[in-house]
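Basis for what follows: all heavy atoms, side chains included, without hydrogens, waters or symmetry-related copies. Both ligands and their constituent atoms are indexed starting at 1 by order of listing. FYI, the numbering just counts along the sequence from 1.
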Amino acid sequence: MRIINCHTYEAMSRKAADILAAQIQLKPNCVLGLATGTTPIGSYQGLIKRYESGSLDFSEVRTYNLDEYRGLTHEDPQSYHYFMNDQLFNHVNIDPANVHVPDGANADADAACADYDRMVAEAGYCDLQLLGIGRNGHIGFNEPADEFSKGTHCVDLTESTIEANSRLFEKEEDVPRQAYTMGTQTIMNARCILVVANGENKAQAVRDMCFGPIVPACPASILQLHPNVFVVCDDAALSLCEGLY
Ligand code: GLP
């Protein structure tokens, strides 16, 4: 794992946007795995700036998002699909046909997940997968569990995730209790992985991800087995890793 301390959220976001932009420059029709959450918002703003200045072209880029709440349509302002449109896709020249997010509106979980797995596999998996990390070490919506997950599947969100994500909803009761998420194996199939994390509330998860035992109780710890991972953080997120890297 290459750990990069960028000190601030702004510098972390610039570095992440640089890495994403470099991938698009190297392979204009690359497959990007994208993430939601508040952490990558600055990285997406960096990509939009580069597009607006004419240095980045999304016309051939294909994207696959990690996850979606079960039961929300893509028009629902709380859905991850809506978030991605709002934070990135509506502001760059990506072809909507090249954008993929699990279909939260499909109540048939097995079909929705199998369809998504087939699509990601047909695309040849991700050239670069962007990840945030949950306070409990989750990636996508792969929550701490007794075993690592494989393909896309339906998950019951943990209380801690529901509570953490409730800040984006009016009331905690409004947070959906289930989600469809890419599995850990699908994430690991990406050729390169970029994790972004900032803030003190991610410090333990970052330490467990990079230096803890590789156990499904911390889903992100499996990234230690991937040959090509960048962990890009601010000072606070790396505060429990001092002297370890
Ligand atoms: C959600 C998403 C994750 C994300 C996590 C952290 O649970 N499913 O992909 O990494 O939140 O979010 P934030 O960046 O807002 O802390």
Side-chain angles (χ1 to χ4, degrees), residues 6 8-10 12-13 15-17 20 32-46 63-72 76 78-84 86-88 100-104 113 116 120 126 128-145 149 152-169 172 174-184 186-188 190 193-206 208-210 218-223 229-234 236-238:
C6 295
T8 65
Y9 177 79
E10 291 69 31
M12 176 200 85
S13 301
K15 177 67 78 183
L20 287 157
L32 295 182
L34 295 180
T36 51
T38 45
T39 314
I41 290 177
S43 314
Y44 293 149
Q45 284 169 356
T63 65
Y64 288 82
N65 258 79
L66 282 166
D67 46 16
E68 179 60 282
Y69 287 116
R70 185 181 189 198
L72 301 191
D76 191 312
Q78 304 289 7
S79 73
Y80 281 168
H81 201 143
Y82 187 98
F83 172 98
M84 289 305 302
D86 195 40
Q87 296 295 334
L88 179 65
H100 307 84
V101 181
D103 183 6
C113 295
Y116 203 64
V120 183
C126 297
L128 176 59
Q129 173 70 60
L130 175 65
L131 292 178
I133 182 168
R135 290 187 305 199
N136 61 3
H138 75 235
I139 46 175
F141 267 134
N142 292 284
E143 297 278 31
S149 64
T152 306
H153 58 289
C154 181
V155 285
D156 294 327
L157 302 180
T158 62
E159 279 311 314
S160 95
T161 298
I162 291 167
E163 188 251 297
N165 290 7
S166 66
R167 69 191 192 282
L168 305 170
F169 289 77
E172 192 166 316
D174 295 342
V175 185
R177 267 41 190 174
Q178 288 188 312
Y180 299 147
T181 182
M182 253 188 215
T184 315
T186 315
I187 293 170
M188 291 288 282
I193 296 180
L194 166 60
V195 186
V196 284
N198 72 291
E200 214 181 303
N201 64 356
K202 298 295 173 68
Q204 188 62 51
V206 168
D208 292 345
M209 166 174 68
C210 299
C218 176
S221 63
I222 201 162
L223 300 176
V229 178
F230 296 90
V231 180
V232 179
C233 296
D234 71 350
L238 282 170

What are the atoms of ligand 1, with element, lying closer than 4.0 Å to any heavy atom of [X]?
X	value
Asn165	1 (C), 7 (O)
Gly132	10 (O)
Arg167	13 (P), 15 (O), 16 (O)

Gap separating the [atom1] atom of [X] from the [atom2] atom of [Y], nearest 0.5 angstrom:
X	Y	atom1	atom2	value
Thr184	His153	OG1	NE2	6.5 Å
Leu88	Thr36	CG	OG1	12.5 Å
Cys218	Ile133	SG	CD1	5.5 Å

Considering residues at least two apart in sequence or located in another chain, which fulfil the side chain to side chain contact (heavy atoms under 4.5 Å, CB included) criterion with Asp234?
->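 Only Asn198, Ala236, Ala237 meet the side chain to side chain contact (heavy atoms under 4.5 Å, CB included) criterion with Asp234.
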Among protein heavy atoms, which sits nearest to [atom], and what does the distance come to when rounded to 0.1 Å?
atom	result
atom 14 (O) of ligand 1	Thr39 OG1, 2.4 Å
atom 5 (C) of ligand 1	His138 NE2, 3.6 Å
atom 1 (C) of ligand 1	Tyr80 OH, 3.5 Å
atom 6 (C) of ligand 1	Ile133 O, 3.6 Å
atom 9 (O) of ligand 1	Gly140 O, 3.6 Å
atom 8 (N) of ligand 1	Asp67 OD2, 2.8 Å
atom 4 (C) of ligand 1	Thr36 O, 4.0 Å

Keeping the roles fixed (side chain from Asp156, backbone from Arg177), state whether a donor-acceptor pair exists under 3.5 Å.
-> no
From the options Ala179, Ala35, Gly37, select the one whose nearest heavy atom is closest to atom 12 (O) of ligand 1.
-> Gly37
Specify whether Phe83 and Tyr80 have parallel, tilted or perpendicular ring planes, treating 30° as the upper limit for parallel and 60° as the lower limit for perpendicular.
-> perpendicular
Start with the C-alpha distance between Arg167 and Thr38, add both sets of side-chain angles, then the distance that settles side chain to side chain contact (heavy atoms under 4.5 Å, CB included), and finish with yes or no.
-> CA-CA 11 Å; Arg167 69 191 192 282; Thr38 45; 3.0 Å; yes
Decide whether an N or O pair under 3.5 Å exists between Lys202 and ligand 1.
-> yes
Answer yes if the side chains of Thr161 and Glu143 hold a donor-acceptor pair under 3.5 Å, and no otherwise.
-> yes
Kindly check if the number of other-residue, nucleotide or ligand heavy atoms within 6.0 Å of CD (Glu172) is above 12?
->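 Yes, enclosed.
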Answer with yes or no whether Glu68 contacts ligand 1, where contact means a heavy atom under 4.0 Å from a ligand atom.
-> no
